[in-house]
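The structure under discussion appears below in the form of structure tokens.
One-based numbering, in listed order, for ligands and for the atoms of each.
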Amino acid sequence: METIISVHSALELITNHVKSLPVAVMQLEKANGLVLAEDIYAPENVPAFPQSSMDGYAFAFDNNRSDYKIVGEIAAGSKQTFELKQGEAVRIFTGAAVPIAADTVLMQEKAFVESEKLTVTDENLNKGTNLRSIGSEIKKGTKALEKGTVLKPATIGFLASMGIAKVKVYPNPSVGILVTGNELRLPGEDLEYGQVFESNSFTLQSALNQLNINNVTIYRSEDNLNQLQTLLSQILEVNDLVLISGGVSVGDYDFTMDALEKCDVNAVFHKIKQKPGKPLLFGTKADKVIFGLPGNPASVLTCFYEYVLPAIGIMTERNVKLQTKKMVLTQEYQKQAGMTHFLKASHNNDLVYLETGQESYKLSSFANANCLAIIPENASKIESGQEIEVHLFPF
Ligand SMILES: Nc1nc2c(c(=O)[nH]1)N[C@H]1C(S)=C(S)[C@@H](COP(=O)(O)OP(=O)(O)OC[C@H]3O[C@@H](n4cnc5c(N)ncnc54)[C@H](O)[C@@H]3O)O[C@H]1N2
Ligand code: MOO
């Protein structure tokens, strides 16, 4: 196992150890936000029949005629067909099948009808007006969507319009969040001296939900190796991704590393030259991915954005990494060389303002921030006005 490595090496190890999840066949209504794992070809013509796009009258267009005899009516969904003769029209409605012999639909606002006689009052009417021809949206057998397309409302609707009910996608992982700590109480409970409210599972679950990852189960364990090991082995059975909060440091009650070892997890690295989140732990067990997130609340969220997101991106073939931009720092920042600093910050017009309260137990600065400012490992001083990299939050 690697100990205390650079941010760059940590990301490289994650990239080398995480694989995309097996392709799954998914009901369309559950596929929003997922990536298509197959090319989609139209199984039928859309529309499958010549279709009226207006409420009005359908007929075979005749330049020398302005009157037609109305011989019937076709509503949307009607199976009725008409053998229209020259000079005959049918009353028709939006979405209805236009008779084969007809080629034009006159909208009713441009028609004058008396008893069964239709008079065209549209001087600019052309052959083919208001008629959607067979396959004019997409022809049967044509490629409709490429493998790799991210499904969104429009693509989901497009698939449904072709009659497709299920698609092959890269699924979202099922996620187990394991919260450790004797001191933790749930919001809403009474707090005794020495106890703190548990917030990490709330942060993590919300961050996952924001990615449309909703198959999330929260487990809780005391700082007890046996309990932790038993729970962890169950969690590893049923989840693709396991996020453990706390217990990754060096204290006498930090059992995460031992429990992972007992569960035969391959620890890939432990500790990154970074602040916050130095004791981040990453491991795998077969295709399962495990992160031991340092318990301090700001460390948990920073590590989620910087390391768990890229892993989820690989598992799902989605581009979910925080967007990177170069921006100008508006103040001087000093630190010791040797650690990358991820600083809660706000950007506006490509200028970056650092939040006060960078300590890893504080979430208030995170709550005010819209990005993380990156101060590189080897830097000891960034001047005000210098350009730095910024990772933008996805909201
Ligand atoms: N001697 C050393 N001590 C520590 C080191 C070190 O290098 N040497 N590293 C520090 C750093 S940096 C971090 S980060 C933490 C990480 O500690 P753990 O991952 O073992 O986390 P815990 O000790 O369980 O908790 C840390 C802190 O966070 C609070 N916490 C934990 N879980 C939650 C939760 N679900 N919701 C809200 N708050 C939570 C916990 O009460 C502690 O205050 O270790 C340092 N120590
Ligand atoms: O690495 Mo820790 O998150 O600074 O307190």
Does [Y] offer a backbone N or O that forms a donor-acceptor pair with the side chain of [X] under 3.5 Å?
{"X": "D55", "Y": "T94", "result": "yes"}
{"X": "T180", "Y": "E222", "result": "no"}
{"X": "D254", "Y": "V248", "result": "no"}
{"X": "N172", "Y": "N215", "result": "no"}
{"X": "D122", "Y": "N124", "result": "yes"}
{"X": "D103", "Y": "F61", "result": "yes"}
{"X": "N239", "Y": "L241", "result": "no"}

What are the atoms of ligand 1, with element, lying closer than 4.0 Å to any heavy atom of [X]?
{"X": "D254", "value": "20 (O), 23 (O)"}
{"X": "S249", "value": "3 (N), 4 (C), 5 (C), 6 (C), 9 (N), 16 (C), 17 (O), 18 (P), 19 (O), 20 (O), 44 (O), 45 (C), 46 (N)"}
{"X": "S245", "value": "32 (N), 35 (N)"}
{"X": "S299", "value": "14 (S)"}
{"X": "K278", "value": "7 (O)"}
{"X": "V250", "value": "1 (N), 2 (C), 8 (N)"}
{"X": "G247", "value": "18 (P), 19 (O), 20 (O), 21 (O), 22 (P), 24 (O)"}
{"X": "V179", "value": "35 (N)"}

Measure the distance from [atom] to every protein heavy atom, then report the residue, atom name and distance (to 0.1 Å) of the closest one.
{"atom": "atom 38 (N) of ligand 1", "result": "P297 CG, 3.8 Å"}
{"atom": "atom 34 (C) of ligand 1", "result": "N200 ND2, 3.1 Å"}
{"atom": "atom 13 (C) of ligand 1", "result": "N296 ND2, 3.6 Å"}
{"atom": "atom 39 (C) of ligand 1", "result": "G295 O, 3.6 Å"}
{"atom": "atom 3 (O) of ligand 2", "result": "S299 OG, 2.1 Å"}
{"atom": "atom 11 (C) of ligand 1", "result": "P279 CG, 4.1 Å"}
{"atom": "atom 40 (C) of ligand 1", "result": "E183 OE2, 3.1 Å"}
{"atom": "atom 35 (N) of ligand 1", "result": "E198 OE2, 2.9 Å"}

Practice problem: Between S360 and ligand 2, find which residue part has any heavy-atom pair under 4.0 Å and reply side chain, backbone, both or neither. | Solution: side chain
Self-check item: Heavy atoms from other residues, nucleotides or ligands near NZ of K335 exceed 12 (cutoff 6.0 Å)
Solution: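 Yes, NZ of K335 has more than 12 neighbouring heavy atoms, counting only those of other groups under 6.0 Å.
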Enumerate the atoms of ligand 2 whose separation from the nearest heavy atom of [X] is less than 4.0 angstrom.
{"X": "P276", "value": "1 (O), 3 (O), 4 (O)"}
{"X": "N296", "value": "5 (O)"}
{"X": "P279", "value": "1 (O)"}
{"X": "K278", "value": "1 (O)"}

Considering only heavy atoms, does [X] approach ligand 1 within less than 4.0 Å through its side chain, its backbone, both, or neither?
{"X": "F197", "value": "backbone"}
{"X": "S199", "value": "both"}
{"X": "P276", "value": "neither"}
{"X": "T256", "value": "neither"}
{"X": "K275", "value": "neither"}

Quiz prompt | Residue from V105, N130, V113, V120 passing side-chain contact (heavy atoms from CB on, under 4.5 Å) with Y57 | solution = V113
Quiz item: Of V167, V25, L145, which is the lone residue that meets side-chain contact (heavy atoms from CB on, under 4.5 Å) with E38?
Solution: V167
Self-check item: Side-chain donor-acceptor pair present, Y253, E183, cut-off under 3.5 Å
Solution: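 Short answer, no.
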Quiz item: Mind checking whether L280 and E306 have side chains closer than 4.5 Å, heavy atoms only?
Solution: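 A side-chain contact under 4.5 Å is absent here.
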Quiz item: Below 4.0 angstrom, N of the basic side chain to O of the carboxylate: do E359 and K362 qualify?
Solution: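 Here E359 pairs with K362 in a salt bridge, since their nearest N and O are under 4.0 Å apart.
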Self-check item: Candidate pair T203 and F304, rule side-chain contact (heavy atoms from CB on, under 4.5 Å), full reasoning
Solution: CA-CA 10 Å; T203 311; F304 180 88; over 6 Å; no
Self-check item: Audit row: Q358, S365, side-chain hydrogen bond (donor to acceptor under 3.5 Å, both in side chains) steps and yes/no
Solution: CA-CA 7 Å; Q358 293 292 338; S365 50; 5.4 Å; no
Exercise. Would you please determine whether G277 falls within less than 4.0 Å of ligand 2 on a heavy-atom basis?
Key: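 Per 4.0 Å heavy-atom rule, G277 contacts ligand 2.
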Quiz item: Where do L232 and L260 land on the side-chain contact (heavy atoms from CB on, under 4.5 Å) test, with the steps shown first?
Solution: CA-CA 8 Å; L232 194 55; L260 288 171; 3.5 Å; yes
Quiz item: So, is G246 polar-close to ligand 1, with some N/O to N/O distance under 3.5 Å?
Solution: no
